[in-house]
Protein chains: 2
Amino acid sequence: MIRVVVIDDHDVVRRGVIAYLDTEEDLDIIGEASSGHEGAALVKEIQPDVVLMDLMMENGDGIEATKEIMKTESCNCKIIILTSYYDDEKVFPALEAGAFSYMLKTSSADQIADAIRKAAMGENVIESKVATKMMTRFQREKLPHEELTNREMEVLLCVGQGMTNQEIGEKLYIGIKTVKTHVSNILSKLDVHDRTQAAVYVHRNQLLNHK
Amino acid sequence: MIRVVVIDDHDVVRRGVIAYLDTEEDLDIIGEASSGHEGAALVKEIQPDVVLMDLMMENGDGIEATKEIMKTESCNCKIIILTSYYDDEKVFPALEAGAFSYMLKTSSADQIADAIRKAAMGENVIESKVATKMMTRFQREKLPHEELTNREMEVLLCVGQGMTNQEIGEKLYIGIKTVKTHVSNILSKLDVHDRTQAAVYVHRNQLLNHK
DNA sequence: TTTCGTCTCAGACTTAAGGCGGAGAGCATG
DNA sequence: CATGCTCTCCGCCTTAAGTCTGAGACGAAA
């Protein structure tokens with residue numbers, strides 16, 4: 001039996017999920033909570049195998065609760081995030097906080113039950129939309145270049161769109177000489193020889209997709 | 001009841017698929033064939049709702065059979081391609097021939113049954129790997145530019161990798177003057193003003209991913 | 001206050017890029 | 001054979017790009 005706790009402040013959702021999971025013979029819902037604080041305390045107390053955690057909650061959100069739970073040393077439970085959102089601001093903090101899997105509420109009940117079983121076996125499940133975001137994020141983290149300043153990044157993105165120095169200057173309200181300085185610094189930081197290669201760099205690393 | 005015909009020259013596969021589909025109460029397997037010709041004739045005769053068609057067959061392949069079936073005016077059946085291959089040379093001819101859905105044999109039996117039901121309701125199912133190929137293909141079909149010659153495309157791809165005229169000339173064993181001519185023609189055909197924009201164009205349209 | 005980093009800009013210089021016009025060779029098509 | 005397309009290459013010219021050196025202004029941090 002896999003011992004599960006469900007944390008979600010939306011009663012209908014929580015009860016619905018529990019109702020379904022109860023029909024699965026190998027899953028045992030041993031507790032539920034309607035806020036992050038409450039949930040974290042409950043988890044510490046009853047030590048479930050898997051936690052199903054909503055992200056957006058009224059009193060203390062899921063990210064805080066996740067961090068709270070992961071801090072306890074004795075904890076070896078897996079936290080599955082179950083939410084409607086998959087934007088960067090939610091996904092990465094949740095994963096950094098220690099989430100084990102990341103499911104969307106658009107997933108079917110079967111998929112959620114599967115994710116719980118896999119979590120219990122140490123196998124994590126990342127919804128494909130979220131996985132895509134992770135991939136691009138990892139790619140970006142691997143960037144070998146020196147840190148560019150904010151201004152340089154602005155200029156680089158302009159170059160990546162095919163703008164000339166003149167156009168960049170007009171857009172950023174600075175002189176063309178200044179643009180040239182920035183471009184020159186960018187080229188040496190990225191270790192490329194001309195603006196075309198810099199533009200290629202932008203696209204290879206998908207820097208334009210996230211503004 | 002959804003009336004289904006299965007066309008596959010591999011006996012084991014055909015019988016396995018039929019055996020499974022027979023367990024589904026809403027599906028009625030009304031016919032089967034082991035070649036494209038045979039299958040097309042059968043379909044014309046008994047007018048099923050959905051056809052499950054293998055692509056690679058000994059006597060008359062699935063693409064020909066699909067075209068054959070789609071040519072008949074009275075035909076309002078949906079053809080689902082079921083194959084192991086998802087390379088460009090197979091996928092696009094099949095879709096152009098009139099295939100309604102495209103499934104891979106790696107799909108689960110459930111997914112195939114689902115695809116049949118959806119086809120009967122007018123909803124097509126494209127396996128994700130195939131869908132990805134379609135997306136990039138569509139993007140390429142929408143390209144607004146004039147047709148480039150083969151040589152120009154070669155040069156353009158070099159530009160898209162950030163190469164200088166000098167480097168391109170050395171790679172293609174032509175003079176730098178010739179490269180300049182090509183680049184100049186490319187710029188005017190693509191309606192861009194410099195090589196950097198051409199490089200951006202290459203990446204926006206993912207021209208490098210398919211060599 | 002001094003130091004450091006960033007952003008801004010200048011002048012002088014070199015070079016790659018790109019436009020324009022012209023042209024010859026090969027090759028397929030009608 | 002005449003036409004058209006492609007690929008090749010030339011010279012001349014203009015300009016955008018990029019390097020180098022130097023420097024002033026500003027704000028944060030030591």
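Please read all numbers here as calculations on a predicted model, not as lab measurements. The chains referred to below are lettered A, B, ... by the order of the sequence lines, with proteins before strands, and numbering in each begins at 1.
- A close approach under 4.0 Å does not occur between any side-chain nitrogen or oxygen of B:H193 and OP1 or OP2 of C:dA17.
- Nucleic acid contact for B:T178: base, since at least one base atom lies under 4.0 Å from a heavy atom of the residue.
- Per the geometry, NZ belonging to A:K177 stands 16 Å off P belonging to D:dG22, to the nearest Å.
- Comment: A:E154 does not engage A:K171 in a salt bridge, judged by the lack of any side-chain N to carboxylate O separation of less than 4.0 angstrom.
- Counting heavy atoms from C-beta on, the side chains of A:I2 and A:V50 come closer than 4.5 Å.
- Note that the two end axes of the helix from C:dT1-D:dA30 to C:dG30-D:dC1 enclose an angle of 40°, each drawn from 5 base pairs, rounded to 10 degrees.
- Distance CG (A:D194) to P (D:dA16): 17 Å, rounded to an integer number of Å.
- Remark: the backbone N or O of A:G160 is paired with a side-chain donor or acceptor of A:H203 at under 3.5 angstrom.
- Under 4.0 angstrom from either OP1 or OP2 of D:dG18 there lies no side-chain N or O belonging to A:S184.
- The side chain of B:H182 places an N or O atom within less than 4.0 Å of a non-bridging phosphate oxygen (OP1 or OP2) of D:dT8.
- Between A:L190 atom CG and D:dG18 atom P there is a gap of 12 Å when expressed in whole angstrom units.
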Can you check side-chain contact (heavy atoms from CB on, under 4.5 Å) on A:K189 and A:T149, steps first, answer last? CA-CA 10 Å; A:K189 283 187 179 179; A:T149 66; 4.1 Å; yes
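- Rounded to whole Å, the distance from CE on A:M153 to P on C:dT6 is 13 Å.
- A residue-by-residue look at A:R195 and B:T181 shows that B:T181 has its nearest nucleotide of DNA chain D further toward the 5' end.
- Straight-line distance from the CD1 atom of B:I176 to the P atom of D:dT8: 14 Å, rounded to whole Å.
- Sorted by residue number, the members of residues 160-173 of chain A with any non-hydrogen atom under 4.0 Å from DNA chain D read A:T164, A:N165.
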